[in-house]
Amino acid sequence: MNLLTVIPLARGIFKETLTYFTKETPRVGQAVTVPIRGKKVIALVVKVEPVADLKQAIRSASFVTKK
């Protein structure tokens with residue numbers, strides 16, 4: 001499982017970067033489709049990290065993750 005950081009390529013998105021969990025392994029610079037507020041939006045991948053490397057940081061985060 002990987003943690004993707006993406007930049008949405010759509011108007012009206014007020015976040016510069018968003019983070020998603022995925023089983024796929026896209027390359028940095030690749031365009032992917034991500035869900036934002038019930039719509040599918042094209043986004044540019046800027047970082048791909050394996051979750052195994054970040055497991056402890058995710059568990060101790062100050063926010064709650066959805067299943």
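Everything numeric in this text was worked out from a predicted model, so none of it was measured.
- Residues Val48 and Pro26 share a closest heavy-atom pair of CG2-O, 3.3 Å.
- When all heavy atoms of Glu49 and Lys47 are compared, the closest pair comes out as OE1-CD, 3.3 Å.
- Using a distance-only test at 3.5 Å, with no hydrogens or angles considered, no donor-acceptor pair links the side chain of Tyr20 to the main chain of Val6.
- Pairing each heavy atom of Ala43 with each of Pro8, the nearest pair is CB-CA, 3.9 Å.
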Check step by step if side chain to side chain contact (heavy atoms under 4.5 Å, CB included) holds for Thr19 and Leu3. CA-CA 7 Å; Thr19 306; Leu3 191 67; 3.4 Å; yes
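- Put simply, Val34 and Leu44 are part of two different groups of oily side chains (I, L, V, M, F, W, Y) that touch within less than 4.5 Å, one to the next.
- Taking the side chain to side chain donor-acceptor pair (under 3.5 Å) definition, one finds that Thr5 meets it with nothing, sequence neighbours left out.
- Checking Thr25 against Asn2 by side-chain atom types alone, a donor-acceptor pair falls below 3.5 Å.
- The hydrophobic cluster containing Leu9 does not contain Ile36, counting ILVMFWY residues as joined when their side-chain heavy atoms lie under 4.5 angstrom apart, directly or transitively.
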